[in-house]
*Asks:* 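This is the structure I have questions about; it appears just below.
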Amino acid sequence: MGGMERPALDDFTWRVGGPQGSGIETAATLFAQALARGGWWVSARREYHSNIMGRHSYLDVRASRRPTRAFFERVNLLAALDAETLARHLNEIQPGGVLVYDPDAARRPLSKLAMLDGAAYKRISAALGGGDPVLERALEHYRAGGVRLVPLALEPLAREVGEAVGADALTAKKTLNTVAVAASLALLGYPLEFLDAALAAQFAAKPRVAELNRKVAAEVYRRVEPLADAGLEPIGSPGERIYVNGSHASAMGKVAAGLGFMSYYPITPATDEPFYLEAHPESGVVVVQVEDELAAVNMAIGASMAGARAALTTSGPGFALMTEALGFAGLTETPLVVSLYQRGGPSTGLPTRTEQGDLRFALGAGHGDYPRAVLASASVEDTFADAALAMNAAARFQLPVVHLMDKYLASTTRTVEPFDAGAVEPDPGVVAEAAEGVFPRFSLAAEGGVSPRIPVGTPGAGYWITSDEHDEVGHITEDPELRDAMMEKRAAKIEALREWLGPEKMYRTHNPEAETLVLGWGSTEGVALEAMEGLDLGYVQVRFLLPFPDLGALLEDKRLVVLEYNQSGQFARLLTQETGRKPDHLIVKYNGRPMTIEEVRAAFEAVLSGEAGAYTVLRAGV
Amino acid sequence: MELKLADYKSDLAPDWCPGCGDYGILSALQTALYKLGIEPSRAVLVSGIGCSAKTVHYAATYGIHTLHGRPLPVAQGVKLANPELTVIAMAGDGDGMGIGAGHFVGVGRRNPDLLYLIFNNEVYGMTKGQASPTLELGAQPKSLARPNIQSKVNPLMLAFASGFTFIARGYAYDVKNLARLIQQGLEHRGLAMIDVLQPCPTYNNLHTREWFAPRVYDINAAGYDPRVPRDMSDAERAERMARFTLKATEWGERIPTGVFWQAELPSFEERLGEFLPGYPKTAPATRPPGGEAERARALMRGHRVAE
Ligand SMILES: Cc1ncc(C[n+]2csc(CCOP(=O)(O)OP(=O)(O)O)c2C)c(N)n1
Ligand code: SF4
Ligand SMILES: [Mg+2]
């Protein structure tokens, strides 16, 4: 696809697939950490069903000599830990790539895969010539695609090796993930010492488990011969690099900006962030799990009114419940950050899959007009800075800020240089110098719409806050003139915010001289930039959706392509609304799977060759 | 400076109907704060939406008039951010027992050091007299088109089931006793709830001042001891629970008021303090700024690829 040649071992993707709940996340972490310790830049993405145990899940770990933010459709090595993995990834290994599988699994007919749903069954059956194919047919399919088959009965191997190093049968079986990683790395010729160190770190809290797994890894290395062309080598030292996902980065950015309070109601993929903070009291954050999203948002608002820096995370269904309170924060000029981790909608939709379907919702959530800011993060690195920026913008302009994330960012873990926490200055906001008696919290003498603030509970003073329209001290009013003045004061914040941000925080460009510009927002930047390497294309990443940057001059006389993860082209419509320009091509994806470098490349090439229509749907993914 | 009762009154005149029970509750609240000597600027009143919710505007404390059903979460946010403040949440019966009922259960499980007042007038005053969740099955106050066909919820029983550690009932026109109850609720360490019977002369023509007057009585004055110490035996506790249930469900000819239940449980702030170093001293709204970058770096250290 797309004729992309990758020089071997400059860039390598390992995939591990198996049933949910079997610990393949640990396998991916071990693989990633072993390579990261050898100086590789690694990224790991996770695909899973909304299920706790048994349904198909897989992870890709990509290692490269440079930092990468996207993934290929076709991997170099697939370690299939069960029969379903064998059946599901038929066209996803590079020619010349390797499939490690259990010969026993290959003897099973497709109909015996208990967790395979009907739609997948039909598709796979058709791809393998119809009927109820025995999975040996899948092996033929892989072989015909130039894939090298490496039969390796991992489970028996785990049992055998485990027992050889003195573990009982049950404990031995639990080392399956280590066996899979060790076998893969041994096949690739990667030195054992890095896996050994990764295992020691992974199980640091359980020395006996660590010892067993290290022995098992060493034993697997003794038994598995490297491939003839093996030669995956360490390329340097990891230095200070950290291995983090978007949820971690979002939490860290908020903490750097002074986060003190986070209330949450569990929802995928947004819970990882508060859960992480809960597990790390050194963050200094009061984290409270509450009864619902209504409680979560209103509790955070209360904390913010009292002077804490407060933030929330949620995804679509939870954000829907928060919308009334978002307007409450807007009207009462209360700083609040909501990181909205988008997942496949509408309704419960695709709970564990990625999408950018909540842009219009974030821009318009709530009744009535009130100022808010909406920004979207493109990468783990951006997420740290954006989360901090969102906190500071909320504090300075006393408004709700929606920080758009997505499932792909949340669950893609990468090695990056440590974030520059020292560069984040927690913005104290506009604070009143002295306050005594009744305080005009909503003073109309407000530069940029921002009235100087003191938190609720400030000794010696007092004021009111109401969800009704109000006067300067916060009492209810229905006076027409006061109403106008208050609406206008609040609305003034948007232009003040735009000025405070400056264009460089609102968007960035790559090769903007090109005749054709691709525009994207959120996590599409990584895949777009890699897919357009060597093509005559430019790229514009819109980082603030509200206020929207002034792109008029930049887009003049250009052919425009919009790339985004939703069906209706929500960003494309926003672009038209804000600039009067209608994109010439809209490339979208909404099957819940991340865009692959190959498919985006092909879509770009079709745009450049003139073959592309106005609307292209990307459909890759398992 | 010596505090006066007038220091708890704002300049705004209430716009309730003449004879509304809300006047009595406001007055009792101000009296209790005054008697306890709580600095007005260290008290935060948090209400929902409804006639009752306007109360916060008439007190010269900090007042937060939130959304319909949401006073409890907002109040908890204030309290957890700054545990030094005296925080009083208040809600109409529609607000607290209807649209916000989920928070009632939620807060009960946490036991934060808050006082929660329910203004129980059995109707939705603000929206012109529809049935509230505390209106009896079959009752038909004047603005209902037909008798109420939903059963009522008992706030005392729900509070008990939810884990409230102080459960009381007051009567809006008995300001003196209500002020005393509010004072006790404020002094209680943990979550206190007072269900306040509040006549609404405009829409509730069934349960009026005249109806209540001969019925309400004070259970504590009649010898009922609500205290349930931590070290009470299981058998004794079971006996107290049975007695509580009898009193909490008594309604009709005689209507009990007073403190029904007072138990000891660690507050939510104390529970948080077991896990968060220094809390409540390090509470997010009161800790001095600084150390943010260091806290972020501490998180990052756990992610280093190489030690
Ligand atoms: C989300 C929402 N739904 C409905 C309303 C309309 N509303 C305003 S006050 C009220 C009922 C108030 O009744 P109650 O809580 O018993 O207070 P009361 O007026 O009786 O003191 C309702 C339904 C609203 N403001 N918000
Ligand atoms: S309607 Fe009822 S509750 Fe509302 S102010 Fe009038 S009397 Fe009071
Ligand atoms: Mg009512």
Side-chain angles (χ1 to χ4, degrees), chain A residues 33 36-37 237-238 240-244 248 251-252 255-258 260-261 263 280-284 286 288 290-292 294-295 298-303 305-309 324-325 328 415 418-419 421-422 424 426 428 455-468 475-476, chain B residues 10-12 39-42 44 46 49 54 56-57 60-67 69-70 72-82 84-85 102-103 105-106 110 268 272 275-277 279 282-287 289 291-300 302-307:
Chain A
Q33 289 280 5
R37 281 162 188 272
S237 132
E240 303 275 297
R241 280 174 214 165
I242 55 176
Y243 184 59
V244 288
H248 302 137
M252 291 167 183
V255 167
F261 189 91
S263 33
H280 291 276
E282 69 269 26
S283 67
V286 173
V288 188
V290 296
E291 55 273 16
D292 54 31
L294 307 168
N298 284 289
M299 206 178 280
I301 287 172
M305 286 171 171
R309 285 164 179 267
E324 188 194 15
F328 179 44
T415 48
F419 306 124
V424 177
V456 153
T458 302
Y463 60 82
W464 297 269
I465 297 177
T466 172
S467 63
D468 282 66
H475 281 318
I476 299 171
Chain B
S10 84
D11 291 338
L12 205 65
E39 244 306 307
S41 65
R42 304 300 278 163
V44 186
V46 188
I49 292 290
K54 293 191 175 178
V56 304
H57 290 277
T61 57
Y62 284 91
I64 309 178
H65 180 198
T66 71
L67 297 169
R70 314 300 158 215
L72 276 175
V74 174
Q76 290 171 82
V78 171
K79 183 70 187 180
L80 298 178
N82 184 354
E84 292 166 18
L85 300 177
H103 307 313
V105 177
R110 285 187 279 271
F268 194 63
L272 271 176
F275 298 97
L276 270 181
Y279 188 89
T282 54
T286 54
R287 68 185 180 209
E292 296 86 359
E294 195 32 58
R295 291 198 286 271
R297 285 191 202 104
L299 291 176
M300 279 185 248
H303 294 261
R304 286 274 299 269
V305 170
E307 293 72 31

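So you know, we letter chains A, B, ... as the sequences are listed, proteins then strands, and number each from 1.
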*Asks:* From B/Arg295 CZ over to A/Glu282 CD, what is the distance, rounded to the nearest 0.5 angstrom?
*Replies:* 11.0 Å
*Asks:* With under 30° as parallel and over 60° as perpendicular, where do the rings of B/Tyr62 and A/Tyr463 fit, or are they tilted in between?
*Replies:* perpendicular
*Asks:* What part of A/Ala295 is in contact with chain B, defined as an atom under 4.5 angstrom from a non-hydrogen atom: side chain, backbone, both or neither?
*Replies:* both
*Asks:* Whether the side chain of A/Arg37 engages the backbone of B/Val305 through a donor-acceptor N/O pair (distance < 3.5 Å, no angle test) should be reported.
*Replies:* yes
*Asks:* Give me the atom names and distance for the closest heavy-atom approach of A/Ala306 to B/Ala285.
*Replies:* O-CB, 3.2 Å
*Asks:* Which atoms of B/Tyr279 come close to chain A, meaning under 4.5 Å heavy atom to heavy atom: side chain ones, backbone ones, both, or neither?
*Replies:* side chain
*Asks:* Would you compute the distance between atom CG of B/Leu72 and atom CG of A/Asn298 and round it to the nearest 0.5 angstrom?
*Replies:* 10.5 Å
*Asks:* Name the option with the most non-hydrogen atom pairs under 4.5 Å to chain B; the candidates are A/Val290, A/Thr466, A/Ile476, A/Val424.
*Replies:* A/Thr466
*Asks:* Between chain A and each of B/Gly102, B/Pro40, B/Gly69, count heavy-atom pairs under 4.5 Å; write down the option with the most.
*Replies:* B/Gly102
*Asks:* Specify the closest pair of heavy atoms between B/Leu85 and A/Val456, including all atoms of both residues, with the distance to one decimal.
*Replies:* CD1-O, 3.9 Å
*Asks:* Which pair of non-hydrogen atoms, one from A/Phe328 and one from B/Val74, has the smallest distance, and what is that distance?
*Replies:* CE2-CG2, 4.2 Å
*Asks:* Can you tell which part of A/Pro459 gets under 4.5 Å to a heavy atom of chain B, answering side chain, backbone, both or neither?
*Replies:* both
*Asks:* Just give me the residue among A/Thr415, A/Thr458, A/Val244, A/Val286 that pairs up with chain B most often, heavy atom to heavy atom, under 4.5 Å.
*Replies:* A/Thr458
*Asks:* To the nearest 0.5 angstrom, please state how far the NE2 atom of A/His280 sits from the CG atom of B/Leu299.
*Replies:* 6.5 Å
*Asks:* Given that the side chain runs from C-beta out, which part of B/Leu272 has a heavy atom under 4.5 Å from chain A: side chain, backbone, both or neither?
*Replies:* side chain
*Asks:* Considering only heavy atoms, which portion of A/Met305 lies under 4.5 Å from any heavy atom of chain B: side chain, backbone, both, or neither?
*Replies:* side chain
*Asks:* Considering non-hydrogen atoms only, spot the tightest contact between B/Leu276 and A/Pro281 and give its length.
*Replies:* CD2-O, 4.0 Å
*Asks:* Check whether A/Pro418 gets within reach of chain B through its side chain, its backbone, both or neither, counting any heavy atom under 4.5 Å.
*Replies:* both
*Asks:* Which pair of non-hydrogen atoms, one from A/Ala421 and one from B/Ala296, has the smallest distance, and what is that distance?
*Replies:* CB-CB, 4.0 Å
*Asks:* Would the distance check show the side chain of A/Ser467 and the main-chain N or O of B/Thr66 forming a donor-acceptor pair, the cut-off being under 3.5 Å?
*Replies:* yes
*Asks:* Taking every non-hydrogen pair under 4.5 Å, which of A/Gln33, A/His475, A/Met252, A/Glu240 racks up the most with chain B?
*Replies:* A/His475
*Asks:* Which one, A/Gly457, A/Ala257, A/Ala300, leads in non-hydrogen pairs under 4.5 Å with chain B?
*Replies:* A/Gly457
*Asks:* Please name all residues satisfying salt bridge (Lys or Arg N to Asp or Glu O under 4.0 Å) with A/Glu324, sequence neighbours left out, ordered by chain then number.
*Replies:* none
*Asks:* When only pairs under 4.5 Å are counted, which of A/Ala308, A/Pro238, A/Ala36 shares the most heavy-atom pairs with chain B?
*Replies:* A/Ala308
*Asks:* Is there a donor-acceptor contact under 3.5 Å from the side chain of B/Arg110 to the main chain of A/Val288?
*Replies:* no
*Asks:* Donor-acceptor pair, distance only, cut-off 3.5 Å: does the side chain of A/Trp464 make one with the backbone of B/His65?
*Replies:* no
*Asks:* So A/Ile465 and B/Val56, do their side chains get closer than 4.5 Å, heavy atoms only?
*Replies:* no
*Asks:* Please rank B/Arg297, B/Glu292, B/His57, B/His103 by heavy-atom pairs under 4.5 Å with chain A and give me the top one.
*Replies:* B/His57
*Asks:* Mind checking what makes ring-ring contact (aromatic ring centres under 6.0 Å, His included) contact with A/His248, not counting sequence neighbours?
*Replies:* A/Tyr276, B/His303
*Asks:* In Å and rounded to the nearest 0.5 Å, what is the CG to CD1 distance from B/Leu67 to A/Ile301?
*Replies:* 7.0 Å
